[in-house]
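Heavy-atom basis, side chains included; hydrogens, waters and symmetry copies ignored. What you see is a predicted model; the values in this text were computed from it and never measured.
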Amino acid sequence: MIFIYKKMKNKINLYILVFSICIPQNFIPENGSVLNYKQIYFKWPQISENQGYIIDLNGMNYYSENNSIIIDNLEWNQEYSWQVCALTNDENQYCNLVNNFSINQLPVDYPNNINVLLFDEEQCQNGITIIDYESINYAVAVDMYGNPIWFAKKDNFFNSRILISQLLSNGNLVGFGAGYGYEFDLNSNIVYQSLSEYDIHHHFYKTENDSYFFIDAEVENLPCPEECNDELPSEVPWQGDRFIELDMNGDELWNWNTFEYLSQDEYNPYWAENYSGENDELDWTHSNSVFFDVNENLVYLSLRNLSRITAIDYSSKEIVWNLGNSDFMENVYFENDFGFSHQHSAQKTYNNNLLFFDNGRGNDPELSRCLEIEMPIDDEPQLLWEYILPDSLHTLSRGECDRLTNDNTLISAGRTGNVIEVNNSNEIVWHLNAKNNGSAISIYRSERIENLHPNIFSYEILNLSGEYGNYFIDYFLNELSLVLYNKGWENQIYHYQLFADNDFLILENYLEVSAYEQEYFNIILPQEEYEFYNLNIYPVNNIGKTQNISFSRIVNMGDINGDLIIDILDVILLINIILYVEAYDSIADINNDNEINILDLVELVNIILHE
């Protein structure tokens with residue numbers, strides 16, 4: 001089919017302006033970008049009537065059925081150029097623009113001795129592991145063989161320090177460093193930063209409500225406990241904690257202060273005995289994790305120096321229970337304290353159990369463990385699972401236990417520089433050891449993910465014609481047929497908006513697409529005759545990932561009856577218009593001379609003969 005189209009003269013400049021605004025979102029990675037990861041998501045503008053695509057990346061060809069793909073295992077410190085061409089049924093080649101990007105070199109202080117000592121491929125949960133290399137002040141991601149896939153650019157953060165708490169479903173990361181909490185993208189561009197008035201430590205994370213919870217140091221002068229050195233003053237600074245929730249604008253939503261809800265008689269004598277008073281505070285609570293369970297309406301705290309995990313009613317702020325060493329409690333809630341000491345990273349599993357890392361500090365013997373405890377509403381807690389780390393992995397500080405989707409557990413062994421994965425028979429099925437210049441790297445936390453891209457997508461308009469920069473639909477088309485591809489590993493809700501002419505919003509709606517699935521849908525076009533359109537689609541959790549496409553609505557010259565086919569029926573209809581219709585109809589003015597006559601009939605016959 002041959003299309004001959006015309007545009008209104010007074011609308012041409014407007015079309016160019018609208019289209020130019022959309023250019024930056026059409027190619028991913030953006031032309032000229034510099035990346036600090038090498039598992040790359042590629043997305044490009046669709047090429048009409050394609051049978052798939054070939055991506056030429058530095059001379060290597062990759063195939064994709066649609067207009068996006070992830071390509072793994074590119075090289076550090078490398079420049080790349082890429083171009084996409086469509087596979088079509090005709091002999092012509094249709095290609096998009098050539099784009100360029102580069103991948104940074106690894107940081108000069110990247111550890112020089114990362115080894116995977118054990119890898120049971122059949123029993124492991126495959127994926128990428130995000131690891132906080134605390135000793136060198138930044139987080140990385142490695143594949144199952146320990147090869148680096150991504151690193152956080154620590155120089156983008158205050159005092160060149162960033163540790164990761166989460167990879168969000170919106171594709172951003174959350175972490176903290178040197179008193180600040182952050183949300184940032186894969187390339188370490190900060191999208192949220194906490195205010196300087198807070199002294200954030202140990203934990204900063206984002207809730208299901210899109211709020212931020214964190215731990216803030218709080219200091220008050222109070223009497224020194226009786227275990228203090230007699231040479232110390234009668235009052236000394238105690239360091240407790242505030243647990244604070246902020247909205248995305250930085251406004252405070254909730255806070256809970258240990259000085260307001262805990263008695264100063266609840267302390268660990270060990271830290272009073274070892275308090276020197278020299279340029280520091282009495283380390284009272286030393287909290288290291290906070291978690292808000294939205295469904296239970298409970299906030300869970302890990303107070304390390306009290307060897308205690310506390311559940312707080314979010315609405316009333318009252319303590320629901322304390323679990324841990326009863327020697328440091330005024331009110332004992334449970335008979336069994338499970339013997340844990342100086343624990344880290346208390347969290348909830350998918351089946352609502354409590355899971356945390358027990359450092360065992362001061363116990364006899366000192367053992368590092370993972371504990372999973374069931375917390376019934378009206379009954380005593382029960383130990384469901386325990387894993388005791390080998391002596392070589394014992395750590396008095398740091399540590400985390402993460403339950404994976406295959407029911408294995410990923411364990412960070414703190415200052416030993418080890419991360420292991422154990423199955424539900426307590427067998428080690430994966431073991432990474434990290435050293436730098438022969439010394440163990442302290443590891444703060446770790447997380448196993450499927451890949452770096454939980455939130456990636458593309459879409460195509462199936463009845464769109466033309467090429468990039470000159471897309472169009474037929475004048476008589478009354479609906480758009482689309483397919484949206486969710487290429488990420490998280491379910492997503494997408495918001496789509498159709499604008500006309502001067503960015504006038506004419507319709508919008510939402511579409512839910514499961515992970516790795518595709519969804520076909522239609523957009524009914526309004527009866528009003530607009531000439532230019534702009535379609536925006538973005539995941540509701542990250543408007544920064546908006547993708548858009550601009551197109552015009554044109555007359556398919558020669559399709560007199562509007563059936564999208566130019567044939568003898570159109571010739572018959574045009575003859576009737578010439579013979580019997582006096583009023584001018586632009587659809588029949590094939591040669592665009594503002595008259596309808598035999599010359600238009602000749603033009604129409606030529607279109608049919610040469611189609």
Parallel, tilted or perpendicular: rings of Tyr192 and Phe204 (30°, 60°): parallel
Determine whether Ser307 and Asn325 satisfy the following criterion, side-chain hydrogen bond (donor to acceptor under 3.5 Å, both in side chains), listing intermediate values before the conclusion. CA-CA 6 Å; Ser307 298; Asn325 195 325; 5.1 Å; no
Check this for me: does any side-chain nitrogen of one of Lys154 and Asp109 sit under 4.0 Å from a carboxylate oxygen of the other? yes
On the 0 to 90° scale, with breaks at 30° and 60°, tag the Phe27-Trp82 ring pair as parallel, tilted or perpendicular. perpendicular
What class does the angle between the rings of Phe340 and Phe356 fall in, given that below 30° is parallel, 30 to 60° is tilted and above 60° is perpendicular? perpendicular
With a 3.5 Å distance limit and no angle check, can you tell me whether Tyr275 reaches the backbone of Glu227 through a side-chain donor-acceptor pair? no
Any chance the rings of Phe157 and Tyr180 have centres within less than 6.0 Å? no
As a quick check of understanding, evaluate side-chain hydrogen bond (donor to acceptor under 3.5 Å, both in side chains) for Arg415 and Ser397, giving each step before the final call. CA-CA 7 Å; Arg415 298 194 184 279; Ser397 65; 2.6 Å; yes
salt_bridge(Glu30, Lys43) N-O dist < 4.0 Å: no
Could you walk me through whether Asn172 and Glu183 pass the side-chain hydrogen bond (donor to acceptor under 3.5 Å, both in side chains) check? CA-CA 7 Å; Asn172 290 335; Glu183 180 176 345; 2.9 Å; yes
Do the side-chain N and O atoms of Gln105 and Tyr110 include a donor-acceptor pair separated by under 3.5 angstrom? no
Sorted by chain and number, sequence neighbours left out, side-chain hydrogen bond (donor to acceptor under 3.5 Å, both in side chains) with Asn99 holds for none
Among side-chain atoms of Gln347 and Asp402, is any donor-acceptor pair under 3.5 angstrom? yes
Between Glu386 and Leu367, does a side chain to side chain contact (heavy atoms under 4.5 Å, CB included) hold up when you go through it step by step? CA-CA 12 Å; Glu386 175 188 42; Leu367 299 174; over 6 Å; no
Under the disulfide (SG to SG under 2.5 Å) test, residues paired with Cys124 that sit two or more places apart: none
Among Asp337, Leu354, Thr310, which residue meets the side-chain contact (heavy atoms from CB on, under 4.5 Å) test with Leu323? Leu354
Should Glu421 and Arg448 count as an ion pair when the cut-off is N to O under 4.0 Å? yes
Is it the case that the side chains of Asn189 and Asn156 hold a donor-acceptor pair, with the cut-off being a distance below 3.5 Å and no angle test? no
